[in-house]
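Just below is one structure, and these are the notes that go with it.
These figures come from a predicted structure and were not determined experimentally.
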Amino acid sequence: MLDCVFSTPRFYLRENKISDARDMYLLNADPEMLKFTGDIPFRDEQEAKYFIINYKHFYKHGFGRWVIVDKNNKEFLGWCGLKRHADGMVDLGYRIKKEHWGKGIATECAKACIHYGFDQLNLTEIVGRSAKANFASINILEKVGMRFWKADTCDGIADAVWYRIDRFTLL
């Protein structure tokens with residue numbers, strides 16, 4: 001895949017494109033998808049397109065939330081990646097289409113993103129944050145080697161848990 005930033009055994013990870021607007025809209029249209037995030041859904045496909053056009057994280061930081069594409073059928077599966085926040089912390093995030101939950105996609109891609117962050121971006125620490133009640137997300141954070149750090153608020157989520165991993169943990 002020409003626009004692939006990196007890949008895993010099953011997936012390509014790449015920057016988002018305007019042609020992803022419909023998939024991004026549909027991904028966020030499911031209330032269950034946003035249940036623990038504090039995010040609001042896009043109003044329509046046009047708003048998703050506007051988001052993609054104005055997503056400057058790749059240009060500003062050299063990384064972001066990458067689109068996950070199945071290597072076999074080229075299907076858009078969701079996104080996974082890193083985000084630098086105003087406080088300087090870099091967090092790991094993921095969102096997978098509901099019909100693909102439980103297939104190890106988020107875990108495989110999250111591991112790849114952590115390695116990319118440490119090996120290619122020379123980051124020293126990556127955090128993961130989740131609503132305390134989002135057991136599936138917490139399970140993924142633990143599977144990729146993150147350890148509980150603290151309970152605190154997080155982007156509008158009052159009851160959140162924070163996990164972290166540093167580059168030396170992977171050695």
Ion pair present between Asp91 and Arg84, side-chain N to carboxylate O less than 4.0 angstrom?
-> no
Can you name the closest pair of heavy atoms from Cys113 and Leu13 and give their distance?
-> SG-CD2, 3.9 Å
Non-hydrogen atoms of Phe11 and Asp70 that approach each other most closely = CD2-CA, 4.0 Å
Ring centres under 6.0 angstrom apart (Trp66, Tyr12) | no
Under 4.0 Å between a Lys/Arg side-chain N and an Asp/Glu carboxylate O for Lys97 and Glu75?
-> yes
Rounding to 0.5 Å, atoms OG (Ser19) and NZ (Lys49) come to a distance of 10.5 Å
Do Leu26 and Met24 belong together in a cluster built from hydrophobic side chains that touch within less than 4.5 Å?
-> yes
Within a reach of under 6.0 Å around CZ of Phe36, are more than 12 heavy atoms found that belong to other residues, nucleotides or ligands?
-> yes
Starting from the C-alpha separation in whole Å, work towards a yes-or-no answer on side chain to side chain donor-acceptor pair (under 3.5 Å) for Arg95 and Asn28.
-> CA-CA 9 Å; Arg95 194 166 293 168; Asn28 285 2; 3.0 Å; yes
Verify, without hydrogens or angle tests, whether His57 (side chain) and Lys83 (backbone) share a donor-acceptor contact under 3.5 angstrom.
-> no
Thr8 backbone acceptor or donor facing Lys71 side chain under 3.5 Å = yes
Would you confirm whether Asn54, through its side chain, and Phe51, through its main-chain N or O, come within 3.5 Å as a donor-acceptor pair?
-> no
With under 30° as parallel and over 60° as perpendicular, where do the rings of Phe58 and Tyr55 fit, or are they tilted in between?
-> perpendicular
Are the side chain of Lys17 and the backbone N or O of Arg14 linked by a donor-acceptor pair below 3.5 Å?
-> no
dist His61:NE2 -> Leu123:CG (nearest 0.5 Å) comes out at 11.5 Å
Is the backbone of Arg43 close enough, under 3.5 Å, to the side chain of Glu47 for a donor and an acceptor to pair up by distance?
-> yes
Establish, yes or no, whether a centroid distance under 6.0 Å links the rings of Phe42 and Tyr25.
-> no
Verdict with supporting geometry, Tyr94 and Ser137, side chain to side chain donor-acceptor pair (under 3.5 Å) = CA-CA 9 Å; Tyr94 34 82; Ser137 185; 2.9 Å; yes
Hydrophobic cluster identity match, Met89 and Ile126, side-chain contacts under 4.5 Å = no
Could you tell me whether Asp30 and Lys35 make a salt bridge, using a distance below 4.0 angstrom between a side-chain N and a carboxylate O?
-> no
Would you verify whether the NZ or CZ of Arg65 falls within 45 degrees of the ring axis of Trp79 while also being under 6.0 Å from that six-membered ring's centre?
-> no
May I ask you to decide whether Arg167 forms a salt bridge with Glu125, counting only side-chain N to carboxylate O separations under 4.0 Å?
-> no
More than 12 non-hydrogen atoms from neighbouring residues, nucleotides or ligands closer than 6.0 Å to NZ on Lys150, yes or no?
-> yes
Lys60 atom NZ, over 12 foreign heavy atoms within 6.0 Å = no
